[in-house]
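Throughout, a chain's letter reflects where its sequence line sits, starting with A, and its residues are numbered from 1.
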Amino acid sequence: MKLSTKKKIYQGIAFNLFRLMSGILVVVLISILSFIVVRGIGVISWDFITKMPEDGMTKGGIYPAIIGTLCLVAGSMLFAFPVGVLSGIYIHEFVKDNWFKRFVKLMTNNLAGVPSIVFGLFGMSLFVNTLGFGDSIIAGSLTLGLLALPVIIRTTEESLKSIDNVFREGSYALGATKIQTIRRVVLPLAMPNIITGFILSIGRVSGETAPILFTVAAYFLPKLPSSIFDQVMALPYHLYVLSTSGTDMEASRNMAYGTALVLIIIVLLLNLIANFTRSYLSKKVKH
Amino acid sequence: MIEAKNLNLFYGTFQALNDISMKVPEKSVTALIGPSGCGKSTFLRTFNRMNDLIPGVKIEGEVIVDDMNVYEKGVDVDNLRKRVGMVFQKPNPFAKSIFENVAYGLRVNGVNDEKLIKQTVEESLKQAALWDEVKDNLKKSAYAISGGQQQRLCIARALAVEPTVLLMDEPASALDPISTSKIEELIHELKKKYTILIVTHNMQQAARVSDHTAFFYMGSLVEFDETKTIFTHPVKQQTQNYVTGRFG
Amino acid sequence: MTHFEEELKHLKHEMNIMFALVHTQLSKAKDAFIRMDKDLAREIIQTEKRVNAQELNIDRDCESYFALYNPVAVDLRYLLAVLKINSNLERTGDIAEGIARFLVVIEQEFDEDLLQSSKVLKMFEESISIMEEIEAAFENEDTIKARSIFKQDEIINKINREANERIAEYIRLKPDNVEQALYILSTIRKLERVGDQAKNIAEEIIFYVEAKVLKHSKKV
Amino acid sequence: MKKIFEKVIEGILMLSGTVTTLTVLLIIFFLFKEGIGLFGKSPTEEGFTVAVNRENPVNELSTDQIKNIFDQNIHNWNEVGGNNDSIILFRMDDLFNYYTEEELAGIDTNMNLLTSKIDEVIDKNKGIIAFISSKEIPQNPNSKLIHIKAIGLGSFFGGKEWFPTAQPVAQFGVYPLLMGTLWVSLLAILIALPFGLATAVYMAEIASPGVRSVLKPVIELLAGIPSVVYGFFGLIVVVPLVQQIFALPVGETGLTGSIILAIMALPTIITVAEDAIRGTPRSVKEASLALGASQWQTIYRITIPYASSGITAAVILGIGRAIGETMAVLMVTGNAAVVPHSILEPMRTIPATIAAELGEAAKGSLHYDALFALGCILFIITMIVNLTVQMISGKRTRNKLR
């Protein structure tokens, strides 16, 4: 066989195999999504979103779970966003490249890889038991916040790293202090990426189940929380309960499809918003 | 014989090369000079169809290498690239041993005879004036030698597949003066066997190494003549301005 | 040897040709002068075109080398020196041609007394010898030899200075031969300039080899 | 004034900067503080003890032996190094087999009576082994307390049984959980790897920008979907599918978990591997093409070897993700805490165990401590994974600098 023909055949086989496997992957994902969308779309209605669960969670809505997840997201971000961004700034702009910086970075990277269930254990031990918050929004939020922290720190650091030093030097050359430089020059440039990271970490936090299992989530609690020391229901945990340990699993299946769809919609929306803000804000910065 | 006939090249809607016709003399060095973005690198890369890799490229006209239009339908691009060697701006050896770097082109082109490979590697390294410096370290990583040596290794690598044409895209721009002059001397030697096209930002380099020089500006071939002529009494005012540094 | 060194070698070769050409012109001029050989004189006039062409050839080479190789230091001095030596040689060639043109138009043979008293033959010998010397100095980059040129030029100058009186005396003695005498005087004047050209060439050789500028200064 | 202001801000920044470090240290502290409580303690239920006849030469039994004795797998004392007597099990309720109701009248209130009766039983039966409340331990001359080996690292890691609520002694053998975790995770990676690498190569090298601009967000979305949704999907779709295809009694198996985990690990593998492949300098790839290599030859001879450390990092990160994943696995693997023999059996992983059991374990109990000890194991595994990845990618940046 001619050498060039042989090369072409091998290439053809390899490329088509890769194409096929990527294709399978897309098909799998689409089938997961469409399965849930098709089964769930009929369940979602205004009532579903705004009503309490009824009849052993086989009827009614998921209102308290939505509110609970919102509370948890808000609480965790209230903690994680400022701390994360400030940490990122500190690590990237202030610490010299010495063992301390490497250690902090190492720890941040390690924290990012710690499984969420370990965060759950830790949150239970520290916030629920040691600090005596009990199962509560504050304990759950802080646990989720810790989970989101390394993600926010990393995106902050990455976006700071991508800013050319000439901007900083330009500012210093005009007599600005370090803090002024960061506030007026560096941060505005880094903001699009930081915001994107922030939105994506919301997505992560809102879908997490393991960390809230023992820190906040309630199995069935058809009322809204009144203080940060209350337990709440949460969407992912609700889905878990509905699909594994409901009182009547067959009957609550529809509720489960609906809940799953709501979760997916949230993630999808957040992804879209993140992409949109990234392109919108970076355009704005450029002009 | 290599030649471009009425060559137009577009990146999307941007026309990067504008109706270029040029006959490249054989077994001599032809330098392509011009300001950044003038299309000289793009032109160089049409000879081995390296522009194919960039999405959205459209080409009109003919590029003839060895009496064959390389943009004709059904041309075996891999084979074309084997016949048209290329050396890049920065030394870019593969993460392999010195020996395997030079042997690579043979292996991917179906040569299995280890004896032949060994022989060709040695010859290529000798042609690239590198053999004496590396003959005892052929198993060493290609990253272990200096930048200038790496670039000569890349030249040896290109020579191993026995091309007729050698394209050089600013081959010395990343090197120190001594390595640069070694590469230039090498080019001078190689033109006895190969037709060499070299893109360079460095006008002095073009003057030193080439026999003919083509001046490109804004995607057009402004002037093409013997290097002596281009650097002593160019015909076009634009060329004059460029070679004297009075540009813009 | 680098590419540029090869080119410089080539240039030196061209210069040797130029030296040889001019040298031959001068020798032929002497022969033609002694034998009153008008054919040879015409040949000299013809050959002068070759000298001019060679001058242009070397000029062009130098121009290319300046443009293409950006010569510096000794290479730069060498090329500058070659440019000037080249034009000095060309003028020397002109001198030979000028003498040849006299020979073509002159009608009678020179008076033997005139030749003796004016020392014109001696002048010919000296100037040819100075050309040989300077050629050797250039060939070997020999600055000692180059410096010896200055002394030789003195001899030539001396003959030239004396020539006035001698020719005047000759004219007083043989007023009929005044035209001839003036030719001889003019020839001596021309040959004196050969010495000057050689002296200039010597200065250029010392300039490029030693990087010393001797021009317009007291000779060393 | 300005100076002070800046100093204050810098202080705040520094405090935030150290939060992660502090968190990691706190996690280590709290996990290990609770987890360490498991060791050195007797695995019997608090307030209970095991006693035998005074003349019985056996003084010490391991938890395994006790369990086997009470499960009636061991019938004779000589099997545990004692005399040739058959073993008689005795629990508190068994007292009524030895005495009539009249003889035991008033026993609920009279502690001494209970104690003496138990002592009597132990005295009478040479082969008896009694599981009794420690309050009832008689200072009686006729019975002797068996010393039960405390839980040590050996029995924790080597123990083949995880049965934290068993009586008389709880079984805290991590081995089956560890095996379950490894089987499920490794199989998941084996499934995910070909797809992940193929897709990464496809996206980085082959796909047109148009196709890539579709694939990329799809992969991002895949990464964003909560694990509980994957678990739900697995439960509804994959579980019945596996059950049918392999004709199993239940569809909740290690394989099911692996499939779901594979899907979940894919985005990590694809993203990291694609970045690594894209990190191959264009000029190196072009050099290969310029030598007449086909695109495919360039990919497998140049690009993939060049990106190999990045790809390794991707694989290890994927394993890390799979090992730590909780909810999806909990929902689909069936959670049987036995040493697996086949991937088609139900299995239980470490994170799933924690999630499933922590709700039932009383704070401070051995069970609770044991779950924290599991957390420690998980933490250490992921720490090793992370450090490995950082070492590999650190090496990669150094290589690139050359």
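For a residue to count as touching a neighbouring chain, one of its non-hydrogen atoms must lie under 4.5 Å from one of that chain's; by this rule A/Leu33 touches chain D with the side chain only. Contacts of A/Thr130 with chain D are made by side-chain atoms alone, with heavy-atom separations under 4.5 Å and no backbone atom involved. Contacts of A/Arg19 with chain D are made by both backbone and side-chain atoms, with heavy-atom separations under 4.5 Å. Both the backbone and the side chain of A/Tyr257 come within less than 4.5 Å of a heavy atom in chain D. With a 4.5 angstrom heavy-atom cutoff, D/Leu374 does not touch chain A via any of its atoms. Residue contact with chain D, scored on non-hydrogen atoms closer than 4.5 Å, is absent for A/Ile30. Looking at A/Leu235, there are no atoms closer than 4.5 Å to chain D (heavy atoms on both sides), in backbone or side chain. Only the side chain of A/Asn271 has a heavy atom closer than 4.5 Å to any heavy atom of chain D. If you measure heavy-atom distances from A/Ile36 to chain D, the contacts under 4.5 Å come from the side chain alone. For A/Ile179, the parts sitting under 4.5 Å from any heavy atom of chain D are the backbone and the side chain alike. For a residue to count as touching a neighbouring chain, one of its non-hydrogen atoms must lie under 4.5 Å from one of that chain's; by this rule A/Tyr10 touches chain D with backbone and side chain alike.
By the 4.5 Å heavy-atom criterion applied to side chains, D/Glu205 and A/Phe15 are not counted as neighbours. A/Leu242 is not listed as a side-chain neighbour of D/Phe232, based on a closest heavy-atom distance of 4.5 Å or more.
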